[in-house]
Amino acid sequence: MSTTEPDALLGPADIRELAAALGVRPTKQRGQNFVIDANTVRRIVRTAEVRPDDVVVEVGPGLGSLTLALLEAADRVVAVEIDDTLAAALPATITARVPERATRFSLVHSDAMDVRELPGPPPTALVANLPYNVAVPVLLHMLDRFPTIERTLVMVQAEVADRLAARPGNKVYGVPSVKANWYAEVRRAGAIGRNVFWPAPNVDSGLVSLVRRDPPKTTASKREVFAVVDAAFAQRRKTLRAALAGWAGSPAAAEAALVAAGVSPQARGESLTVEEFARIAEARA
């Protein structure tokens with residue numbers, strides 16, 4: 001564990017001073033809302049159960065609020081940042097505030113969706129304040145691309161957090177819920193108020209915990225299963241017999257696959273588990 005002093009973390013004045021020096025104005029386009037509360041980033045690290053031997057990947061580190069807190073607790077931190085100015089400035093911030101941990105930090109200047117490999121040892125955890133507009137695709141991409149990530153804690157818009165953690169039968173259960181559950185056990189892990197951000201967003205935030213699990217045992221590929229999921233929720237008010245007609249080739253073919261999978265053709269996608277979607281993909285003629 002590091003002996004980082006409490007004042008190594010960034011407070012509201014530090015954030016504004018850094019942003020002013022860099023000429024940074026948070027943009028809605030990239031979903032930038034910087035955390036300005038040291039207690040909040042420590043809470044995130046604590047909730048994520050970051051361990052001294054963890055290699056943590058962080059997406060969208062911004063000015064470094066969470067990055068510094070992660071460096072207090074983890075063995076290594078790899079930050080993925082798309083913004084040119086923020087990516088250029090972050091290593092200097094780390095060196096200035098936690099010089100003894102600087103060699104434990106790596107920066108990848110890239111869109112997270114384009115990341116195919118990371119420097120250093122394989123990541124064991126993902127902890128991030130994800131940009132709201134790309135949170136779900138980035139999360140699913142990272143889980144898919146880096147199977148060594150065992151534990152994930154992301155801060156996302158509260159509505160997105162609810163969708164990710166929803167169970168079958170819940171009115172917000174949908175594509176993100178099913179696909180996240182392919183990779184992990186998912187649960188809501190807390191709420192975050194608006195006043196810990198600069199600028200303060202117009203929405204509340206939530207923490208989502210994902211603990212890696214084996215995907216369902218199936219002879220169908222992930223791509224085939226996800227195709228069923230996408231089709232089922234593209235017309236979520238329709239029965240699966242109707243919603244899956246295009247995927248299967250006809251309503252009759254959809255019904256045959258559903259019956260073979262032990263799923264009622266009159267059911268709707270929001271009532272099915274990821275295992276049931278996998279059975280449907282397997283049963284396709």
Side-chain angles (χ1 to χ4, degrees), residues 59 112-113 115 126 128 130-147 149-150 152 154 156-188 206 208-285:
V59 175
M113 294 298 291
V115 171
L126 167 64
L130 289 178
Y132 291 165
N133 51 347
V134 294
V136 171
V138 165
L139 173 63
L140 296 177
H141 169 72
M142 296 300 287
L143 290 174
D144 187 61
R145 189 68 197 178
F146 300 102
I149 293 174
E150 290 292 330
T152 294
V154 292
V156 293
Q157 186 175 336
E159 183 183 332
V160 175
D162 290 340
R163 283 188 198 142
L164 284 167
R167 298 286 185 265
N170 188 300
K171 64 180 181 180
V172 298
Y173 181 78
V175 172
S177 327
V178 182
K179 291 184 179 179
N181 203 233
W182 172 272
Y183 299 103
E185 297 288 347
V186 189
R187 66 177 178 84
R188 267 292 221 129
V208 181
S209 165
L210 301 98
V211 177
R212 177 81 66 174
R213 69 176 188 125
D214 291 332
K217 289 182 170 59
T218 175
T219 57
S221 68
K222 175 179 67 73
R223 183 180 57 78
E224 290 168 333
V225 176
F226 283 12
V228 181
V229 175
D230 290 335
F233 287 102
Q235 305 174 78
R236 63 184 298 151
R237 294 192 177 197
K238 291 189 174 183
T239 65
L240 287 171
R241 183 183 190 275
L244 297 181
W247 163 80
S250 70
E255 180 166 347
L258 288 160
V259 170
V263 175
S264 168
Q266 300 308 308
R268 288 176 170 78
E270 62 206 46
S271 67
L272 268 58
T273 64
V274 66
E275 287 80 11
E276 287 171 313
F277 280 112
R279 291 209 306 270
I280 295 168
E282 261 186 55
R284 183 176 184 175

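No side-chain donor-acceptor contact under 3.5 Å links Arg212 to the backbone of Thr152. Remark: side-chain polar atoms of Tyr173 are not paired, donor with acceptor, to backbone N or O of Gly269 under 3.5 angstrom. Remark: side-chain polar atoms of Arg284 are not paired, donor with acceptor, to backbone N or O of Ala220 under 3.5 angstrom. No donor-acceptor distance shorter than 3.5 angstrom exists from the side chain of Glu275 to the backbone of Pro216, with no hydrogens or angles considered.
If you run side-chain contact (heavy atoms from CB on, under 4.5 Å) between Glu282 and each of Val225, Val228, Thr218, only Thr218 comes through.
In this structure the side chain of Val175 never reaches within 4.5 angstrom of the side chain of Phe226, judged on heavy atoms. When side chains are defined from C-beta on, Arg213 counts as touching Asn181, because their heavy atoms get closer than 4.5 Å. Leu139 has its side chain within reach of Leu164: a pair of non-hydrogen atoms, C-beta onward, lies under 4.5 Å apart. A heavy-atom distance below 4.5 Å is found between the side chains of Met142 and Val59.
Contacts classified as salt bridge (charged side-chain N to carboxylate O under 4.0 Å, His left out) and involving residues 237-255 (residues at least two apart or in different chains) are given here: Arg241-Glu255.
A pairwise comparison of heavy atoms in Ala232 and Leu244 identifies N-CD2, 3.7 Å as the closest pair. Of all the heavy atoms in Val115 and Phe146, the pair that sits closest is CG1-CZ, 3.8 Å.
Here Asp230 pairs with Lys179 under the side-chain hydrogen bond (donor to acceptor under 3.5 Å, both in side chains) rule; sequence neighbours left out.
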